[in-house]
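What follows is a short report on a single structure.
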Amino acid sequence: MNKDSSKTPDLRENAELPPNQQPDSEKKEPTVPDVIQQLGQTAVPTPGESNVYCLTIIGQIEGHLVLPPQNKTTKYEHLIPQLVAAEQNPRIEGLLIILNTVGGDVEAGLAIAEMIASLSKPTVTVVIGGGHSIGVPIAVASDYSLIAESATMTIHPIRMTGLVIGVPQTFEYIEKMQERVVRFVTTHSRISEQQFKELMFKTGELNRDIGTAVGGTDAVKYGLIDAIGGIGEGLSKLNSLIESRRSEKTAGGITQ
């Protein structure tokens with residue numbers, strides 16, 4: 001006697017199963033852009049969208065030590081892979097770096113700045129809100145830098161918190177690290193070493209501290225930043241740099 005065919009289960013593999021009930025082996029693995037998006041960063045552009053990669057550096061730059069969860073942070077181990085991916089991706093022709101940071105880990109900030117400076121593709125940084133402390137080297141690391149008129153940049157000597165071994169070598173180490181920052185900033189901007197150190201060690205500008213809070217107009221006047229501007233000016237300048245790079249590559253291809 002034949003059983004009712006309507007009650008016979010469909011033995012075809014995964015038949016009629018909704019996507020959320022498919023076996024784990026067939027679930028789509030998250031891609032790198034998906035993971036980056038979950039971290040609060042923009043995804044790598046897909047064909048037909050944009051040839052510009054936007055990188056945001058906000059809050060406090062987290063380095064070797066994990067900061068408390070209530071702190072808004074940018075982790076340098078998240079930025080470094082993005083910079084490498086942007087350099088390798090042939091669809092990306094330029095990077096726009098948006099900066100609004102209070103500073104943070106000195107070595108992590110210098111690592112990010114060095115990577116931005118070593119990219120072969122055109123880069124433009126835009127400081128909005130603030131680019132304080134170790135954010136200054138990151139701001140000047142690009143090919144062209146802009147700052148909002150209302151933004152500020154705090155320039156101050158390197159400080160250490162927590163347990164410090166009170167020996168002369170510790171202070172020599174701090175001094176050498178400070179020289180690394182000064183050398184990088186003066187190399188990648190038009191400000192002189194004397195002017196930068198004068199701003200760094202100036203007293204009376206900040207409460208309970210030494211240093212200087214430099215506004216957008218003054219940052220341009222000192223030669224620290226190239227020009228006043230925002231997102232529109234940044235994208236316009238980046239597109240100009242991209243066109244110049246295309247022309248150089250075309251000319252180079254003709255002469256070879």
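Side chains are part of it too, since the values below use all heavy atoms of this structure and drop only hydrogens, waters and symmetry mates.
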With sequence neighbours excluded, what pairs up with [X] under the side chain to side chain contact (heavy atoms under 4.5 Å, CB included) test?
X: A113; result: P137, I138, A141, F184
X: S118; result: none
X: S192; result: Q194, Q195

Taking only residues at least two apart or on different chains, which pairs with a member in residues 112-140 satisfy salt bridge (charged side-chain N to carboxylate O under 4.0 Å, His left out)?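 Not a single pair qualifies under salt bridge (charged side-chain N to carboxylate O under 4.0 Å, His left out).
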
Got a sec, which pairs hit salt bridge (charged side-chain N to carboxylate O under 4.0 Å, His left out) with one end in residues 137-146, sequence neighbours left out? none

Just wondering, more than 12 heavy atoms not from E179 lying within 6.0 Å of its CD? yes

[X] versus [Y], closest heavy-atom pair with distance:
X: V220; Y: D226; value: CG1-O, 3.9 Å
X: A151; Y: I147; value: CB-CG1, 3.7 Å
X: Y144; Y: L146; value: CE2-CD2, 3.7 Å

Transitive ILVMFWY side-chain link I58 to V124, under 4.5 Å: no

For L67, what are the other residues in its hydrophobic cluster, where any two members join if their side-chain heavy atoms are less than 4.5 angstrom apart? none

Residues in side chain to side chain donor-acceptor pair (under 3.5 Å) with E193, at least two apart? K197

Mind checking what makes side chain to side chain donor-acceptor pair (under 3.5 Å) contact with E93, not counting sequence neighbours? N51, R246

Do [X] and [Y] make a side-chain contact, defined as non-hydrogen atoms from C-beta onward lying under 4.5 Å apart?
X: L83; Y: L55; value: yes
X: S120; Y: R245; value: yes
X: K202; Y: E198; value: no
X: I112; Y: M115; value: no
X: P68; Y: N71; value: yes
X: V52; Y: I242; value: yes
X: L79; Y: T74; value: yes
X: V182; Y: M200; value: yes

For F196, enumerate each residue passing the ring pair (Phe, Tyr, Trp, His ring centres under 6.0 Å) test, keeping only those at least two apart in sequence or located in another chain.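 With sequence neighbours excluded, F196 shows a ring pair (Phe, Tyr, Trp, His ring centres under 6.0 Å) to no residue whatsoever.
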
Which atom pairs, one a donor and one an acceptor, fall under 3.5 Å between side chains of residues 95-109 and the rest of the protein, sequence neighbours left out?
| from | atom 1 | to | atom 2 | distance (Å) |
| --- | --- | --- | --- | --- |
| N100 | OD1 | G130 | N | 3.1 |
| T101 | OG1 | G59 | O | 2.6 |
| T101 | OG1 | G103 | N | 3.0 |
| D105 | OD1 | E107 | N | 3.1 |
| D105 | OD1 | A108 | N | 2.9 |
| D105 | OD2 | H64 | N | 3.4 |
| E107 | OE1 | H64 | NE2 | 3.3 |
| E107 | OE2 | Y173 | OH | 3.2 |

So the side chain to side chain donor-acceptor pair (under 3.5 Å) pairs with at least one residue in residues 125-134 (sequence neighbours excluded) are T125-S142, H132-T154, S133-H156

Could you work out, with salt bridge (charged side-chain N to carboxylate O under 4.0 Å, His left out) as the rule, every residue matching E149, not counting sequence neighbours? none

